Structures are given as C-alpha cells and as structure tokens.
Protein chains: 2
Amino acid sequence: MQKQETLSKNQKIILDLIEKSDQPLKAYSILFDVKKKGINAPLQVYRALNKLVKIGKIHKIESRNAFIACKNSKCQIANATIFSICESCEDVTEIHDHKLSEHLRDFKDNKGMKYNKYNLEFFGLCKKCV
Amino acid sequence: MQKQETLSKNQKIILDLIEKSDQPLKAYSILFDVKKKGINAPLQVYRALNKLVKIGKIHKIESRNAFIACKNSKCQIANATIFSICESCEDVTEIHDHKLSEHLRDFKDNKGMKYNKYNLEFFGLCKKCV
DNA sequence: TAACGCTGTGTAATAATATAACATATTTAA
DNA sequence: TTAAATATGTTATATTATTACACAGCGTTA
Ligand SMILES: [Zn+2]
Ligand SMILES: [Zn+2]
Ligand SMILES: [Zn+2]
Ligand SMILES: [Zn+2]
C-alpha cells in the first residue's frame with residue numbers, strides 16, 4: 001500500500017497544473033499560470049515544487065530546469081528517474097525500462113558509496129525530428 | 001588518434017583553472033578567479049565553458065550547475081557522462097564503468113529515438129559521510 | 001488547556017545562474 | 001584574398017532560485 005500524502009492547497013493547485021501538461025513546465029511559467037488562483041510569488045511555487053519532487057509526484061528535468069509529472073508509480077519508491085529528451089523539439093518522455101532500472105539500481109562503484117537516488121537523461125532526436 | 005582541438009586564450013585559462021580543481025567549479029566562482037587574468041564578464045566565462053563542454057574537456061554537473069574536468073578519455077567520444085555525488089559533502093566523482101557504459105550505450109527505447117548523448121548522476125553518501 | 005514542534009502560507013528583497021545584442025578582431029579555408 | 005567561422009569585449013538584461021521575517025493551522029503531549 002502506497003503512503004497517501006495529503007497535499008496542501010498550493011501543492012494541489014500546482015500539481016494539478018503540472019499533471020495537465022504532458023511536457024515539463026518551468027517554475028516562472030507555472031507562477032504565471034497560478035496567479036489567477038492567488039499564488040503570487042516565486043517562493044510559493046518553489047516551495048510546492050520542492051515538496052512535490054520530494055514525495056515523487058513530479059520530477060525535475062535538471063538539464064532543462066523544468067518539472068514534469070511522474071508517469072511511473074515505481075520511481076516514487078526508488079527515487080530513480082530516467083528521461084529521454086529530444087534536442088530538437090524538446091519533447092520529454094519518462095522511460096520505464098525494467099532491465100535498465102535494475103542495472104542502475106544494482107550498480108556499485110569501487111569507492112564504497114551508498115546510493116539512494118539517481119537521475120538519467122538521454123538526449124537525441126525523436127522520430128518526428130530525425 | 002584523438003582530434004586535438006586548439007584552444008583560444010580564454011578557453012585555456014578557464015580549462016587550466018578547472019583542471020587544477022578536482023571538484024566542480026561554478027561559473028561565477030570561475031569568473032572571480034580569472035578576473036586577474038583579464039576576463040571580466042560572465043559571458044566570457046560561459047562562452048569558454050560551453051565550448052569546453054562541447055569538445056568534452058569538461059562536463060557540466062546539471063544538478064549542481066557546476067563544471068568539472070573530464071577524467072575519462074572515452075566520454076569525449078561517446079558524449080556520455082556518469083557521476084556520483086555525495087549529498088552531504090558534495091564530493092563529485094566521474095564514474096568509469098565499462099559494463100554500465102555499454103548497457104547505457106546500447107539502450108533502445110520503444111519510441112524510436114536516436115540517442116547521441118546521456119548524462120547520469122548518482123546521489124548518495126560517500127564513505128566519509130555515511 | 002497550554003506549550004511545543006512541524007508544516008505551510010504570504011510578502012519583500014535579493015542572490016545566483018545564464019543569455020541577448022552589438023561592435024570588432026582573429027583564424028581558417030576556399 | 002575574400003568570405004566564413006570562431007573568438008573577443010562590453011553593457012544590459014533575462015531567468016532561475018533563495019534568504020529572511022511574520023504568522024497560521026494542526027497534532028502531540030506535558
Ligand atoms: Zn517518475
Ligand atoms: Zn523531436
Ligand atoms: Zn568525462
Ligand atoms: Zn561525502
């Protein structure tokens with residue numbers, strides 16, 4: 001059974017918006033969109049985003065400074081994300097590959113590090129842009 | 001034989017600085033350090049950084065907005081980077097793992113994307129910080 | 001009940017990261 | 001030897017993110 005987090009008002013508003021988009025949204029574009037709902041300041045957005053990232057509802061696409069809803073129930077637990085990013089149209093897709101995830105989860109370096117999270121971004125050209 | 005790029009004056013100054021550090025440097029800390037060498041503006045730093053990233057001499061640690069010298073002759077060709085990052089002391093290490101690299105290089109999604117690059121960041125606690 | 005810790009809200013100010021636009025110089029290659 | 005490509009220098013500005021402070025709501029527990 002998944003732990004069900006209770007989201008606050010601002011967190012709900014911002015998660016709703018991100019879930020409605022199938023592509024990553026940037027913090028200040030989110031801010032612009034939620035002004036009509038009474039969220040006025042960057043910090044209100046960043047606080048909600050940070051929380052949503054922490055509980056795995058959304059992910060940050062680090063190379064793009066943008067946020068996308070999680071489409072993969074498993075990475076909520078594993079703290080692990082894999083994305084493919086088209087460098088032409090900027091289309092972003094969350095990748096769900098059991099074998100690859102397993103390989104990454106099981107990876108051990110030779111320095112004795114304890115991993116609890118990873119983030120992988122593939123870049124290239126999507127079918128439309130090739 | 002590796003293609004030997006000829007670096008410009010600013011590029012050399014900035015690469016030198018980054019290579020002397022075994023940890024990632026941030027753009028504005030680089031700017032501060034190279035002011036004595038006559039580099040005065042952020043854009044001069046970013047232009048050199050972008051070029052150095054492009055030719056594989058340095059990598060950007062996306063989750064940290066910082067730049068580190070490449071320690072792995074192979075990723076210059078493969079456009080592929082793997083790092084481990086300690087979330088406590090922020091120590092960053094470039095990982096050089098043949099099996100993992102192969103696995104990632106050979107990864108194919110089911111959307112027909114053509115990959116030419118990837119960036120993987122592992123997070124956790126290093127031996128000292130556990 | 002009252003005190004406390006925890007999480008969230010609201011607001012203003014500011015810090016940190018990165019790019020646009022323009023003028024000019026230097027190197028490379030046809 | 002002219003044109004294209006790459007690099008420089010400078011000013012201004014855009015974009016992304018955090019600090020600091022005051023306070024509200026909620027559940028725990030003394
Ligand atoms: Zn996910
Ligand atoms: Zn595309
Ligand atoms: Zn490298
Ligand atoms: Zn550490």
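Naming: A, B, ... by sequence-line order, numbering from 1 per chain. All figures in this text were calculated on a predicted structure; none of them were measured in a lab.
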A/Val130 to A/Leu125 - nearest heavy-atom pair and separation: CG2-O, 3.9 Å
Whole-Å gap separating C1' (C/dT7) and CG (A/Asn50): 14 Å
Sugar-phosphate, base or nothing in reach of B/Gln11, heavy atoms under 4.0 Å: sugar-phosphate
Nucleotide C/dA18, atom P - distance to CG of B/Leu31 in whole Å: 13 Å
A/Phe83 and A/Phe122 aromatic centres sub-6.0 Å: no
Touch class at under 4.0 angstrom, heavy-atom based, for B/Leu43 against every strand present: base
A/Lys71 atom NZ, over 12 foreign heavy atoms within 6.0 Å: yes
Side chain proximity check, B/Leu25 to B/Ile68, heavy atoms < 4.5 angstrom: no
B/Gln23 CD to B/Cys89 SG distance, which is reported to the nearest 0.5 Å: 7.5 Å
Length of the OH-C1' vector between B/Tyr46 and C/dA21, whole Å: 18 Å
Covered region of DNA chain D, 5' end to 3' end, by chain B [heavy atoms, under 4.0 Å]: D/dA7 to D/dT11
5' priority, DNA chain C, between A/Gln44 and B/Glu62 [closest heavy atom]: A/Gln44
Whichever of B/Asn65 and B/Pro42 has its nearest DNA chain D nucleotide further upstream toward 5': B/Pro42
Atom-pair distance (CG on B/Leu7; C1' on C/dT26), nearest Å: 16 Å
Interatomic distance, A/Arg64 CZ vs C/dT17 C1' [rounded to whole Å]: 16 Å
Gap between atom CZ of B/Phe67 and atom CD1 of B/Ile58 - 0.5 Å precision: 6.0 Å
d(CZ, A/Arg47; P, C/dT7) in whole Å: 14 Å
Phosphate contact (C/dG10 OP1 or OP2) by A/Lys9 side-chain N/O below 4.0 Å: yes
Gap separating the CG atom of A/Leu52 from the CG atom of A/Leu49, nearest 0.5 angstrom: 6.5 Å
side-chain N/O B/Ser8 vs C/dT26 OP1/OP2, d < 4.0 Å: no
Phosphate contact (C/dA16 OP1 or OP2) by B/Lys26 side-chain N/O below 4.0 Å: no
Polar side-chain contact B/Tyr28-C/dA15 base: donor and acceptor under 3.5 Å: no
